[in-house]
Amino acid sequence: MSTIATAAVNSPRPMTNAQLDQLSINCIRTLSIDAVQQAKSGHPGTPMALAPLVYTLWNRVMRFDPQDPIWPNRDRFVLSNGHASMLLWSVLHLTGTRAVNAEYERLGQPAVSLDDIRHFRQLGSKAPGHPEYHWVSGVEATTGPLGQGVAMSVGMAIAEKWLASRYNRPTFEIFDYNIYAICGDGCMMEGVGSEAASLAGHLGLDNLCWIYDNNHITIEGNTRITFTEDIAARFQGYDWNVLRVGDANDIDNIEHALETFRKTKGRPTFIILDSHIGYGSPHKQDTAAAHGEPLGEEEVRLAKRDYGWPEDAKFLVPDGVREHFAAGVGMRGAQARSRWTELLTAYRSNHPELAAEIDLMQRRELPAGWESGLPVFPTDSKGIAGRDASGKVLNVLAQNIPWLLGGSADLGTSNKTTLTFEGAGDLEPGTPGGRNLHFGIREHAMAAVVNGLSLSKLRAFGATFFIFSDYARPAIRLSALMELPTIFVFTHDAMGDGEDGPTHQPVEQLASFRAMPGLVMLRPGDANEVVEAYRYVLKLRHEPAALALSRQPLPTLDRNKYAPASGVARGAYVLGDAPGGNPEVILIGSGSEVSLCVQAHEQLLAEGIRSRVVSMPSWDIFEHQTNEYQDSVLPPAVTARVAVEQASTFGWDRYVGRSGRVIGMKTFGASAPLKELQRKFGFEPERVTEIAKELIGKAKKS
Ligand SMILES: Cc1ncc(C[n+]2csc(CCOP(=O)(O)OP(=O)(O)O)c2C)c(N)n1
Ligand SMILES: [Mg+2]
């Protein structure tokens, strides 16, 4: 093999296809080695081992047009072992994949230039440490936290099935793409990978292929110290089609396995690929040392010698390699895309309404009339639970927006997220076009699947109790990092599930989501705020949102007396004020504590105290308002401020200041009826008025 490659690099003679294959594979390897060496950090071993796989997949199998990396019917490639990112940078570079921007416009420049690769892992380079969606074109998903990529690939596969079910028509196969994910031991050990695999097997996603890099190595050494299960049996148990390729350098066998995948119906495919991490490095192959550090100058030379590569060449792309990719994936992708574009043109005249939906969806836009029929809830002192209002709103929105879909992690009846209108249907193996997903008790995979659906341009939501957001957090964080407009519906937002006790009562979740960059956290205060929260969230195109909704009924405020709920769109707004303004105390609440603050406010007004009540459903939105607006809601001169929230007090000092007070949680909750908990933890109007008066007194003295 080495001699062929040597001949190929040095030979002026026309090369055979086999020589070009090997040259291309070794080019991926050496670019990876050089980039890691130059950066003095990174992961060379897995790219060295998996170059033949990635080469085969891209150049022989995948339908991907480097000229248009967002063509909707392209095959998807997810590098779940994201530390091997040099595989992706190499192949995006060698295929000449073009860049696109956040508005989905195609730019002239390459997605990843050779210069980017030279600056691997450096600030501004399009070859960062791990694959980053939205930063590098051609990256289908941000990966690096192990297990996330494979879990998202399940969402992508569900999305493809859904799209095919809704949009394909006789003679119009608009969507028929496949999803390939590469993963290592880490992805197989992480729970989220198992959750997702179980769901994929249940759904029989035969458009999904995972290729497992079975190298027996993780950071601490050989997997015999931690990971000795029978993984083939495990995936057979999940009802996947399990294949094995015993030699990661055998590209014909790899191609054959991928062909078997494409012929397999009714089940996802799992290919176990036996490989040697650090392949070709005489001292590091098959050792953990090849995983996450540069090989070292001398070892780089030795590995290049083994590949028959010029030992002194750095970042070498020999003549013929780019052309070989152009003749493979380039040609195949261009032809497939042009056939598809023609098909879509014909589809446009035969099915104009469906085509228009595809166009809107691809740009993350909403159909005309998407807001029509949204409820207006009448004043009602008994009111309605946040979750019930949410259920009504979701059902209206889902009827207006055909590609809005989602579900719950087995709590649909409690979360009230079930879509009940005629034709909504369940997404199950035989009915891939259903709008109700059943994630099972798999919160982590649910959030990752929601990401995968969103990466496929569907508008997706996932739901569970707010407390169990902790089980989904790593995937929600990726939503924010990827700038995806996903929606997380969290009910049972505070102590409303009283008797369930502290295991079910969120305390620190609000503060922690407020700390997550990019995520819009909302906790609406009554049913009309729920409507406005959704109205705001649906318009987001590049940010995820999380809704914290009450389990118990909340009074529906009289909007003739109090300010309209449209104030939600500004994050916080003055709900009620002292006559003529000029308040001496400000009460701030969110969610169930808004009506509590309103009660306290009324009492204070009755006592002649100039009180203002502010509803603050979203810090994140409020932070984006002008200083003038923020000061108009919270005038700096008014230092007597009380914030009330059934959650950790952490962070509220930014709004109440040093002279203010927060009525919140400093401990976990307890198991008791809600009323008793409200008394125990001080969420009662009398306590609010008492503290308000105390603060006014202090403010007057100072
Ligand atoms: C959730 C998570 N935990 C830990 C890490 C740190 N980490 C990066 S790679 C790695 C070892 C991965 O082993 P494997 O998947 O077998 O990859 P290989 O070394 O074989 O390429 C670990 C623990 C991570 N990236 N994500
Ligand atoms: Mg491994």
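Whatever order the structure lists ligands and atoms in, that order sets their numbers, starting from 1. Side chains included, hydrogens not; waters and symmetry mates left out as well; all remaining heavy atoms used.
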**Study point:** Verdict with reasoning, Ser194 to Arg234, per side chain to side chain donor-acceptor pair (under 3.5 Å)
**Key:** CA-CA 9 Å; Ser194 310; Arg234 189 175 126 197; 3.1 Å; yes
Check your understanding: Hey, are the side chains of Leu273 and Tyr212 touching, using non-hydrogen atoms and a 4.5 Å cut-off?
Key -> no
Review point. Are Arg60 and Asp21 close enough that some pair of their side-chain heavy atoms sits under 4.5 Å apart?
Key: yes
Review point. What pair of heavy atoms forms the shortest contact from Leu510 to Arg523, and how long is it?
Key: CD1-CD, 3.7 Å
Point to revise | Under-2.8 Å protein N/O/S neighbours of the Mg ion (ligand 2), ordered by chain then residue number | key: Asp185 OD2, Asn215 OD1, Ile217 O
Check your understanding: Under the 6.0 Å and 45° cation-pi test, does Arg473 pair with Phe513?
Key -> yes
**Study point:** Residues, nucleotides or ligands: over 12 heavy atoms within 6.0 Å of Tyr471 OH
**Key:** no
Review point. Between Val139 and Glu132, is a side-chain contact (heavy atoms from CB on, under 4.5 Å) present by the stated rule, with each step listed?
Key: CA-CA 6 Å; Val139 174; Glu132 289 184 48; 5.7 Å; no
Check your understanding: Does Tyr177 have Arg63 sitting over its ring (NZ/CZ under 6.0 Å from centre, angle to axis within 45°)?
Key -> no
Practice item. Report the residue from Arg29, His276, Glu299 that forms a side chain to side chain donor-acceptor pair (under 3.5 Å) with Ser281. Key: Glu299
Tabulation required: pairs of a nitrogen or oxygen in ligand 1 and a protein nitrogen or oxygen under 3.5 Å; columns are atom names and distance to 0.1 Å; otherwise 'none'.
{"from": "ligand 1", "atom 1": "15 (O)", "to": "Asp185", "atom 2": "N", "distance (Å)": "3.2"}
{"from": "ligand 1", "atom 1": "15 (O)", "to": "Gly186", "atom 2": "N", "distance (Å)": "2.7"}
{"from": "ligand 1", "atom 1": "16 (O)", "to": "Asp185", "atom 2": "N", "distance (Å)": "3.2"}
{"from": "ligand 1", "atom 1": "16 (O)", "to": "Asp185", "atom 2": "OD2", "distance (Å)": "3.0"}
{"from": "ligand 1", "atom 1": "16 (O)", "to": "Ile217", "atom 2": "O", "distance (Å)": "2.9"}
{"from": "ligand 1", "atom 1": "17 (O)", "to": "His83", "atom 2": "NE2", "distance (Å)": "3.2"}
{"from": "ligand 1", "atom 1": "19 (O)", "to": "His291", "atom 2": "ND1", "distance (Å)": "2.4"}
{"from": "ligand 1", "atom 1": "20 (O)", "to": "Asn215", "atom 2": "OD1", "distance (Å)": "3.2"}
{"from": "ligand 1", "atom 1": "20 (O)", "to": "Asn215", "atom 2": "ND2", "distance (Å)": "2.6"}
{"from": "ligand 1", "atom 1": "20 (O)", "to": "Ile217", "atom 2": "O", "distance (Å)": "3.1"}
{"from": "ligand 1", "atom 1": "21 (O)", "to": "Thr46", "atom 2": "OG1", "distance (Å)": "2.4"}
{"from": "ligand 1", "atom 1": "21 (O)", "to": "His83", "atom 2": "NE2", "distance (Å)": "2.7"}
{"from": "ligand 1", "atom 1": "25 (N)", "to": "Gly144", "atom 2": "O", "distance (Å)": "2.8"}
{"from": "ligand 1", "atom 1": "26 (N)", "to": "Leu146", "atom 2": "N", "distance (Å)": "3.1"}

